[in-house]
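Reading through the structure tokens given below for one structure.
Order of appearance sets the numbers: ligands from 1, and atoms from 1 within every ligand.
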Amino acid sequence: MVIINNNIIKKIYKKIKEYNKIIIARHVGPDPDAIASQIALRDSIRLTFPTKECFAVGVGVSKFKYYGILDKIDNEKYSNSLLIVLDVPNLHRVDGIDNLKYKEILKIDHHPAEDIKGNVDWTLETACSTCQMIADLILHSPLKLDLKIAGNLYLGIVSDSDRFLLPYTTTKTFKIVEELIKKSKIDFTSLYNYLYDRSIDEVRFQGFLATNMNITENGLGYLVIPAEKIKEYNVDLATPSNLINNFNFIREVLVWTFISEDAKNKVYKVSIRSHGPIINKIASKYNGGGHKYASGAKIMNEEEINNFIKDLDTACEEYKRASISNIK
Ligand code: AMP
């Protein structure tokens, strides 16, 4: 018998046990952490409680089908269900819950808190990924683990921590990864292909981004990417955010952003990263949010693009000024 030592894990396990109908959702435009945490938790609940109805909802992404297939359900049939929301703090960004009459929310997330308040709420900004939190939950409760669940969680952790190099990669991260590998015996090096396999078109597109990125005196790297370029390189709108972490550790760049034209929806999809200034407050001015050093936004027009670039550039300037006066 597994004895649960941690209070929040105890509460979460109890809540899952209580419900026979469970719907698990995550944010729109999912990344590996969102998809992997969602599918791993669904599969673990199904394995532990075979009679429960448990579904992972939202739009699927073909490139992430390795993690598992999402469920197509009629939400209206699942009234009085438990809604588990993973990896997203804002209700308007939860994918696939239209017309769902859930009874309670269980929230597990590593973003700064926003409007979603779970009846049971585990918001842990210091976790490197939602997958780290789900691994912690499964490893330290009677929820079951198998090879596939462990592999998904491992990939989510590696992806969201950018191979253990982003802030919030902590001793806890390494401890959980060690436990996960020891308990499941996943052959973790063989899994990397699922994360890092990419087309030559994508590599060439990365070359285009590097060649054309503008860099200001204050250390802001930015590029507005027209819809035709995305088409010309045979990539998609998610590609700039998939590639943005590769632009870390450039000496001249403190904050960097890709502003990609989404011609169909007449908006610009924005990804921002920083290794100094806090950027999520600026992102939230432009229909966005996220982590202190990794955020996203949605910009409506060219005037807003100019204001957004100015705001980021000012943040870089202030950060540099403060760093210099700290040295003095
Ligand atoms: P991305 O650049 O798309 O990888 O997103 C970086 C982080 O910002 C992730 O944690 C996203 O969940 C979050 N994010 C992206 N777009 C938005 C948005 N429009 N509103 C709030 N958070 C966002």
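Numbered from 1 in the order shown, with element, the atoms of ligand 1 that lie under 4.0 Å from a heavy atom of His291 read 10 (O). Annotation for ligand 1: atoms under 4.0 Å from non-hydrogen atoms of Asn287 are 18 (C), 19 (N), 20 (N). If you number the atoms of ligand 1 from 1 as listed, the ones under 4.0 Å from a heavy atom of Gly290 come out as 8 (O), 13 (C), 22 (N).
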Under 3.5 Å, sequence neighbours excluded: what are the donor-acceptor pairs made by side chains of residues 8-17?
| residue | atom | partner | partner atom | Å |
| --- | --- | --- | --- | --- |
| Lys15 | NZ | Glu18 | OE1 | 3.2 |
| Lys15 | NZ | Glu104 | OE1 | 3.0 |

Do any side-chain atoms of residues 254-263 form donor-acceptor pairs under 3.5 angstrom with protein atoms, and if so which ones, sequence neighbours left out?
| residue | atom | partner | partner atom | Å |
| --- | --- | --- | --- | --- |
| Trp256 | NE1 | Ile244 | O | 2.8 |
| Thr257 | OG1 | Ser271 | O | 2.9 |
| Glu261 | OE1 | Ala227 | N | 3.0 |
| Asp262 | OD1 | Lys264 | N | 3.4 |
| Asp262 | OD1 | Asn265 | N | 3.2 |
| Asp262 | OD2 | Asn265 | ND2 | 2.9 |

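Under a 4.0 angstrom heavy-atom cut-off, Asp31 registers as lying outside contact with ligand 1.
Between His111 and ligand 1, at least one N/O pair is under 3.5 Å apart. Taking only nitrogen or oxygen atoms, main chain and side chain alike, Val270 does not reach within less than 3.5 Å of ligand 1.
Given atom 21 (C) of ligand 1, the protein heavy atom at minimum distance is Gly289 N, 3.2 Å. Among protein heavy atoms, atom 7 (C) of ligand 1 sits closest to Ala294 O, 3.4 Å. Ranking protein heavy atoms by distance to atom 15 (C) of ligand 1, first place goes to Gly296 CA, 3.4 Å.
With a 4.0 Å cut-off on non-hydrogen atoms, Ser271 touches ligand 1 through its backbone as well as its side chain. Residue-level proximity to ligand 1 for Asp87 is absent, since no heavy atom of it falls below 4.0 angstrom.
Under the 3.5 Å distance criterion, with hydrogens and angles disregarded, no donor-acceptor pair is assigned to the side chains of His92 and Asn90.
A cation-pi geometry, defined here as NZ or CZ lying under 6.0 Å from the six-membered ring centre and within 45° of its normal, holds between Lys148 and Tyr66.
The residues Arg46 and Asp71 are annotated as salt-bridged, a charged nitrogen and a carboxylate oxygen being separated by less than 4.0 angstrom. Between Asp311 and Lys285, at least one side-chain nitrogen of the basic residue sits less than 4.0 Å from a carboxylate oxygen of the acidic one, meeting the salt-bridge criterion.
For the residue pair Tyr154 and Leu180, the shortest heavy atom distance occurs at N-CD2, 3.9 Å.
Aromatic rings from Tyr268 and Phe308 are positioned such that their centres are separated by 6.0 Å or more.
With atom 22 (N) of ligand 1 as the reference point, the heavy atom nearest to it among Arg273, Arg93, Lys269 is part of Arg93.
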